[in-house]
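Positions are given from 1, in the same order as the sequence printed here. Everything quoted here is computed from the prediction, not taken from an experiment.
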Amino acid sequence: VQLQASGGGLVQAGDSLRLSCAFSGRTFSDYYMAWFRQAPGKEREFVAYINWSGGVTDYSDSVKGRFTISRDSAKNTVYLQMNSLAPLDTAVYYCAASRGIAYSSSVYYNRGEYDYWGQGTLVTVSS
């Protein structure tokens with residue numbers, strides 16, 4: 001599996017940005033997907049999850065109501081729409097894929113559950 005993340009950049013507080021993650025190498029629908037982020041000097045943290053069909057999503061409290069995760073099976077791509085961006089959202093954003101069974105949030109919140117990672121895309125939000 002290969003994951004190619006894109007869409008990061010420098011924006012101002014309050015702006016929007018959409019990240020994309022192109023999936024290749026295996027059957028996309030066999031994998032649940034997530035976005036994580038890592039700010040300078042901090043651990044990588046969970047941001048958003050989407051199940052294999054796109055019918056179930058979940059978000060960290062810090063982005064709930066501002067970010068939306070989605071997937072397009074025709075394009076084998078997962079997206080992260082980020083609205084009302086704030087300086088605290090500044091981080092490298094990583095997409096991740098897992099073929100496991102996400103039977104609870106304790107599973108898909110855990111970065112150790114993911115088999116494949118994209119290279120990361122930097123999002124910088126200025127105040």
Side-chain angles (χ1 to χ4, degrees):
V1 171
Q2 290 187 328
L3 301 175
Q4 182 69 42
S6 62
L10 172 62
V11 297
Q12 292 187 332
D15 284 351
S16 298
L17 207 57
R18 189 178 79 159
L19 306 183
S20 300
C21 177
F23 176 104
S24 63
R26 289 291 186 273
T27 302
F28 186 47
S29 60
D30 285 345
Y31 291 79
Y32 65 84
M33 304 291 294
W35 287 94
F36 286 73
R37 68 185 181 185
Q38 187 167 16
K42 296 189 176 181
E43 291 190 352
R44 194 171 299 188
E45 64 173 1
F46 170 82
V47 174
Y49 154 85
I50 189 165
N51 77 331
W52 66 274
S53 69
V56 178
T57 59
D58 196 9
Y59 302 89
S60 67
D61 288 343
S62 61
V63 308
K64 198 170 294 183
R66 300 187 298 123
F67 291 11
T68 302
I69 188 171
S70 62
R71 63 192 294 162
D72 185 334
S73 60
K75 296 182 178 180
N76 284 2
T77 300
V78 63
Y79 302 99
L80 185 68
Q81 177 66 44
M82 305 185 294
N83 298 330
S84 302
L85 283 162
L88 284 177
D89 296 316
T90 294
V92 177
Y93 284 72
Y94 298 90
C95 57
S98 174
R99 201 176 177 186
I101 299 174
Y103 51 84
S104 75
S105 61
S106 63
V107 173
Y108 56 76
Y109 269 62
N110 181 0
R111 61 181 185 265
E113 292 294 328
Y114 293 84
D115 306 302
Y116 302 99
W117 292 85
Q119 83 286 6
T121 185
L122 176 62
V123 173
T124 304
V125 185
S126 63
S127 57

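A donor-acceptor pair under 3.5 Å is formed between the side chain of Gln119 and the backbone N or O of Ala5. Arg111 contributes a side-chain N or O that, together with a main-chain N or O of Arg44, makes up a donor-acceptor pair within less than 3.5 Å. In this structure a side-chain-to-backbone donor-acceptor pair under 3.5 Å is missing from Thr68 to Gln81. For Asn51 (side chain) and Val56 (main-chain N/O), a donor-acceptor pair under 3.5 Å exists by modelled atom type. Looking at Thr77, its side chain never comes within 3.5 Å of a backbone N or O of Ala22 through a donor-acceptor pair.
The environment of NZ in Lys42 is sparse: at most 12 heavy-atom neighbours from other residues, nucleotides or ligands sit within 6.0 Å.
In this structure the side chain of Asp115 never reaches within 4.5 angstrom of the side chain of Val1, judged on heavy atoms. Looking only at side-chain heavy atoms (C-beta outward), Phe67 and Leu17 stay at 4.5 Å or farther from each other. At least one side-chain heavy atom of Met33 sits under 4.5 Å from a side-chain heavy atom of Leu3. The closest side-chain heavy-atom distance from Val123 to Met82 is below 4.5 Å. In this structure, the side chains of Asn83 and Ser16 come closer than 4.5 Å at one or more pairs of heavy atoms. With contacts defined as side-chain heavy-atom distances shorter than 4.5 Å, the pair Val78/Ile69 qualifies.
For the pair Arg26 and Tyr31, the cation-pi test (distance below 6.0 Å, angle within 45°) is failed. Because its NZ or CZ atom is both nearer than 6.0 Å to the ring centre of Tyr79 and within 45° of the ring axis, Arg18 counts as a cation-pi partner of that residue.
Note on Leu80: it does not cluster hydrophobically with Trp52, by side-chain heavy-atom contacts below 4.5 Å among ILVMFWY residues. Both Val107 and Trp117 sit in one connected hydrophobic cluster of ILVMFWY residues. Membership requires side-chain heavy atoms under 4.5 Å apart, directly or through other members. Linking ILVMFWY side-chain heavy atoms closer than 4.5 Å, directly or via other members, places Val63 and Tyr94 in two distinct hydrophobic clusters.
For the atom pair Tyr108 OH and Ile50 CD1, the distance stands at 11.5 Å (nearest 0.5 Å). One finds the SG atom of Cys21 at 10.0 Å from the CZ atom of Arg71 (value rounded to the nearest 0.5 Å).
Asn76 and Phe28 make their closest contact through OD1-CB, 3.4 Å (heavy atoms, listed as atom of the first residue, atom of the second, distance). In terms of heavy-atom proximity, Arg37 sits nearest to Asp89 at NH1-OD1, 2.9 Å. Of all the heavy atoms in Ala48 and Tyr59, the pair that sits closest is CB-CD2, 3.6 Å. Taking all atoms of both residues into account, the shortest heavy-atom contact from Ser105 to Asp58 is CB-OD2, 4.1 Å. The minimum heavy-atom distance linking Ser127 with Ala13 is given by the pair CA-CB, 4.3 Å. The two residues Ser98 and Gly100 have their closest heavy-atom pair at OG-N, 3.1 Å.
Aromatic pair Tyr109/Phe36: ring centres not closer than 6.0 Å.
Each of Phe23, Tyr116, Tyr114, Tyr103 was evaluated against Tyr32; a single residue qualifies, Tyr114, per the ring-ring contact (aromatic ring centres under 6.0 Å, His included) test.
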